[in-house]
Amino acid sequence: MSTSLSEAYRSSAHPIHLQHIIPLDFSSVRELPDSHAWTSSLLLDDKPHGRRGSVIGVGGPIPVIDLADANVVKLVGRACETWGVFQITNHGQPISLLEAVESESLRLFSLPAEQKLKALRSPDGATGYGRARITPFFSKLMWHEGFTIMGSPAEHAHQLWPHNYTRFCGVMDEYQKEMKQLSVRLLRLILSSLGLAREDLTKWVGPAGEFTQGATTALQLNSYPACPDPNRTMGLAAHTDTSMFTILYQSNTSGLQIFRDGFGWVSVPPLAGALIVNVGDLLQILSNARFPAVLHRAVVNRTNQRLSIAYFYGPSTETRIMPLSKLIGPGDPPLYRSLTWKEYIGIKAKHLYRALSLVRLQQLAPMNGSLDMNDQ
Ligand SMILES: O=C(O)CCC(=O)C(=O)O
Ligand SMILES: [Fe+2]
């Protein structure tokens, strides 16, 4: 499973050089180096087509959904349609597990730079330590280091801690197992909110369902060190996720911002014990653009290192993806062509912002940041 996802990334045509992979040794830097200094126009325009002057809101409006709410399906559908992001409570994940995944991530990123480099992602690989995958698309580097896990992290963990890697692996395995179960639950809610009947749900998310059998998942640990000049750099540049959806744990330091037309960049405030769900590209295709993938980015701050843990959920790489037939009718033509998930991952790896528009069949009216952005 994870091998085929790695293969999908490997076949991407973007030539990757080591400078796209090796993070800065942030512990030794006292000033923002030029390599990481984003010009003001780049910062404002990092959502390419630059909607200058966008306001940064204080995050109040992002929906918080109690998964035990009797109206949960409606609430999830509404949140996907409007914001493309929501926080969930009552999700069943013990706080001790969230804390453990955070503290193991901190233990990893606190290792000396030369130790972390032993687990460096290879130029054609998908897992291990390194910069954000979107790095080659930008002229400036991001104030970020990451570690990607697909399946068992044992091989890289062994390189980091030759004699003591089982704790890290145990926590990451457990977290991925729990996230997978939560993903299936979320998928049922999301598909129900699109009007799929019980028998359709079984087809897609039952024990042998098309979207659950052999799912491709990835766990991304992100670290954004405290930065001497946070307003002139970017933690993670604006992007949409190449997933059905992403479940993000951002701990207690703010930094995630999402873009919505009419609102500009809006912070998603940390909420103790909550998890964030982001709509990804695949859900935009399946929902025939009813649930647009949310454009988001991470900003950094002067005083605190920030960690976030992202779990990306998608179907098996061979799955054919296209707008759900239930949503197509005489007045609702399909907006995207049919393709395999693997093919889409390859297009995204090569074209980033243009990927969704490249698989689009019809012209769309701009709706949310991501659609607009993909028009460029
Ligand atoms: O750190 C964050 O809040 C966002 C991380 C993210 O967008 C990603 O890993 O794709
Ligand atoms: Fe993301």
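Atoms within each ligand, like the ligands themselves, are counted from 1 in listed order.
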- Row check, Trp265 ring normal vs Arg297 NZ/CZ: under 6.0 Å, within 45°: yes
- Item | atom 9 (O) of ligand 1 - nearest protein heavy atom and its distance |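 Sorting protein heavy atoms by distance from atom 9 (O) of ligand 1 puts Asn222 ND2, 3.0 Å first.
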- Can you tell me which residue and heavy atom of the protein come closest to atom 8 (C) of ligand 1, and the distance to 0.1 Å?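 For atom 8 (C) of ligand 1, the nearest protein heavy atom is Leu236 CD2, 3.7 Å.
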- Task: Could you tell me how the ring of Phe245 sits relative to the ring of Tyr313: parallel (under 30°), tilted (30 to 60°) or perpendicular (over 60°)?
- Result: parallel
- Query: From Lys326 NZ over to Asn288 CG, what is the distance, rounded to the nearest 0.5 angstrom?
  - Reply: 15.0 Å
- Distance, nearest 0.5 Å, that separates OG1 of Thr89 from CG of Leu271: 7.5 Å
If the cut-off is 4.0 Å to any non-hydrogen atom of [X], which atoms of ligand 1 fall inside it?
{"X": "Tyr224", "answer": "1 (O), 2 (C), 4 (C), 5 (C)"}
{"X": "Ala310", "answer": "9 (O)"}
{"X": "His239", "answer": "6 (C), 7 (O), 8 (C), 10 (O)"}

- Looking only at N, O or S atoms, find the one in His296 nearest to the Fe ion (ligand 2) and name it. NE2
- Item | Atom of Asp241 nearest the Fe ion (ligand 2) (restricted to N/O/S, atom name only) | OD1
- Message: Are Tyr224 and Trp143, when compared by the centres of their aromatic rings, separated by less than 6.0 Å?
- Response: no
- Query: Taking the six-membered ring where the residue is Trp, are the ring centres of Tyr129 and Phe147 under 6.0 Å apart?
  - Reply: no
- Query: How does Thr246 reach ligand 1, by side chain, by backbone, by both or by neither, if only non-hydrogen atoms under 4.0 Å count?
  - Reply: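 It is neither part, as no heavy atom is under 4.0 Å.
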- Query: Taking heavy atoms and a distance under 4.0 Å, where does Asp241 meet ligand 1: side chain, backbone, both or neither?
  - Reply: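 Just the side chain.
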- Query: Under 3.5 Å, N or O to N or O, is Gln220 touching ligand 1 that way?
  - Reply: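 Among all N and O atoms of Gln220, none is under 3.5 Å from an N or O of ligand 1.
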- Measure across Arg306 and Leu256 and return the closest heavy-atom pair with its distance rounded to 0.1 Å. NH2-N, 3.6 Å
- Quick one: does Arg306 get a heavy atom under 4.0 Å from ligand 1?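 Heavy atoms of Arg306 do come under 4.0 Å of ligand 1.
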- Message: Quick check on His296 - does any of its heavy atoms sit under 4.0 Å from an atom of ligand 1?
- Response: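 For ligand 1, residue contact (heavy atoms, under 4.0 Å) with His296 is present.
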- Message: Does this structure show an ion pair linking Arg131 with Glu145, if we count only N-O contacts that are shorter than 4.0 Å?
- Response: no
